[in-house]
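Since the model is a prediction, treat every value here as computed from it, not as a measurement.
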Amino acid sequence: MNQNLIMAIWLLIWAGALMFAVRLFLAVFSSSPTIGGQIRRHPLAHTIWGVFSLIVFCMTFGLVPVGLDDWSERRGQRKVVNERVQSAGGWDAVRRGCELLATNKLEPFYWRPPSPRAEVTDYSSGVARHYITNIDYGPLPPAVAALKPREIRYYPPEILRQSKAESDAPVMHIRLFGGHSTGWRSQPYFGLEVVCGLGGENYRPKKGNSGGVDGNSHSTFRKVAEGVFEIY
């Protein structure tokens, strides 16, 4: 859905909640009996309106885990990612970079960049082997490095078919933002999934379950270019 439309809908919802707060204030403190009489004549409607307004205020001021804060932060994340994509040369360049990284990779791998080296987990022969080096897979292609990924997971077609994903092409899962916090508000998850080559025309990202908690998993996706999906 268009971001401006979402914002307009949210403003209308918030205006409705604010109107109830004003009516309640006038009913209590105004000398006019009009509003108080309307509330007494229609108690159910005003009760529903009041509960709705309370939920909206809680969402607005971060008293519930979903609301304007997450939406606003995700909008900022999307802006940063788009800037990084432009610096990489655009979505086509990002996809070509992922395809280059996937070249001749028959097994899944996991990449994470502690500075200044890269941690790699290789699952050859079904056994996880861990490296703290860049030698095994080399440096990231420039277009991928420009995204400043926090982690990369590579899934060849065989692994995708096991998970019933409709793709004969490998997929690169790139995590860019997200972090769980037990003592404070978690950072919303935001990343990309890139189909690397032909055969993935019907591929659609699935709900993530990494960690199973806020900030470590995603629940929806949005297609941003051919073979490229935002996941959040």
Side-chain angles (χ1 to χ4, degrees), residues 70 73-105 107-123 128-156 159-160 163 165 167 169-181 186-197 200 203-211 213-232:
D70 279 359
E73 186 165 358
R74 185 164 290 119
R75 188 179 185 189
Q77 291 171 341
R78 182 173 285 117
K79 181 176 183 294
V80 170
V81 171
N82 286 334
E83 290 172 352
R84 293 177 184 177
V85 169
Q86 292 307 309
S87 70
W91 289 114
D92 286 343
V94 169
R95 187 174 60 251
R96 289 194 300 269
C98 288
E99 290 175 352
L100 179 62
L101 186 59
T103 301
N104 298 325
K105 304 296 191 304
E107 302 290 340
F109 70 80
Y110 170 64
W111 180 95
R112 187 175 64 190
S115 181
R117 299 173 298 173
E119 177 181 323
V120 177
T121 302
D122 178 21
Y123 295 93
R129 297 181 295 173
H130 304 278
Y131 302 90
I132 306 296
T133 179
N134 258 340
I135 296 174
D136 296 275
Y137 296 108
L140 294 177
V144 179
L147 300 176
K148 300 179 182 179
R150 294 180 58 178
E151 67 177 28
I152 297 175
R153 296 177 184 269
Y154 169 76
Y155 301 103
I159 299 298
L160 294 172
S163 64
S167 178
V171 172
M172 202 75 68
H173 179 115
I174 304 173
R175 178 174 181 167
L176 300 171
F177 297 103
H180 180 65
S181 175
S186 299
Q187 182 189 52
Y189 187 99
F190 194 94
L192 301 172
E193 284 198 0
V194 182
V195 179
C196 303
Y203 177 79
R204 294 295 181 270
K206 297 187 180 299
K207 181 176 180 180
N209 57 4
S210 177
V213 293
D214 290 339
N216 284 345
S217 61
H218 56 91
S219 59
T220 190
F221 68 88
R222 184 172 77 107
K223 186 175 182 179
V224 293
E226 189 62 36
V228 183
F229 302 87
E230 290 179 346
I231 51 175
Y232 52 93

Please tell me if the side chains of [X] and [Y] come closer than 4.5 Å, counting only heavy atoms from C-beta onward.
X: Y203; Y: F229; answer: yes
X: Y110; Y: E151; answer: yes
X: E226; Y: R95; answer: yes

Problem - Heavy atoms of other groups near K223 NZ, more than 12 under 6.0 Å - result: yes

Pairwise distance [atom1]([X]) to [atom2]([Y]) - rounded to 0.5 angstrom:
X: W91; Y: Q86; atom1: CH2; atom2: CD; result: 9.0 Å
X: C98; Y: E193; atom1: SG; atom2: CD; result: 11.0 Å
X: F177; Y: R78; atom1: CZ; atom2: CZ; result: 11.5 Å
X: W111; Y: I174; atom1: CH2; atom2: CD1; result: 9.5 Å

Exercise for the section: Check step by step if side chain to side chain contact (heavy atoms under 4.5 Å, CB included) holds for E230 and L192. Expected result: CA-CA 5 Å; E230 290 179 346; L192 301 172; 4.2 Å; yes

Which heavy atom of [X] sits nearest to which heavy atom of [Y], and what is that distance?
X: Y189; Y: Q77; value: O-OE1, 4.3 Å
X: R84; Y: L147; value: NH1-O, 2.9 Å
X: A88; Y: A93; value: O-CB, 3.4 Å
X: P205; Y: I231; value: CB-CG2, 3.8 Å
X: P188; Y: R74; value: CB-NH2, 3.4 Å
X: V195; Y: G200; value: CG1-CA, 3.8 Å

Problem - By side chain to side chain contact (heavy atoms under 4.5 Å, CB included) - contacts of A145 (at least two apart) - result: L140

Problem - Sequence-distant partners of I159, side chain to side chain contact (heavy atoms under 4.5 Å, CB included), two or more places apart - result: P108, Y155, P156, Q162

Problem - Full working for side chain to side chain contact (heavy atoms under 4.5 Å, CB included) between L100 and V144 - result: CA-CA 10 Å; L100 179 62; V144 179; over 6 Å; no

Exercise for the section: Could you tell me which residues satisfy ring pair (Phe, Tyr, Trp, His ring centres under 6.0 Å) with Y232, sequence neighbours excluded, listed by chain and number? Expected result: none

Handout entry: Main-chain N/O of L101 paired to K105 side chain as donor or acceptor, under 3.5 Å
Key = yes

Practice task
Return yes if some donor-acceptor pair links the side-chain N/O of R150 with the main-chain N/O of G178 below 3.5 Å, else return no.
Solution key: yes

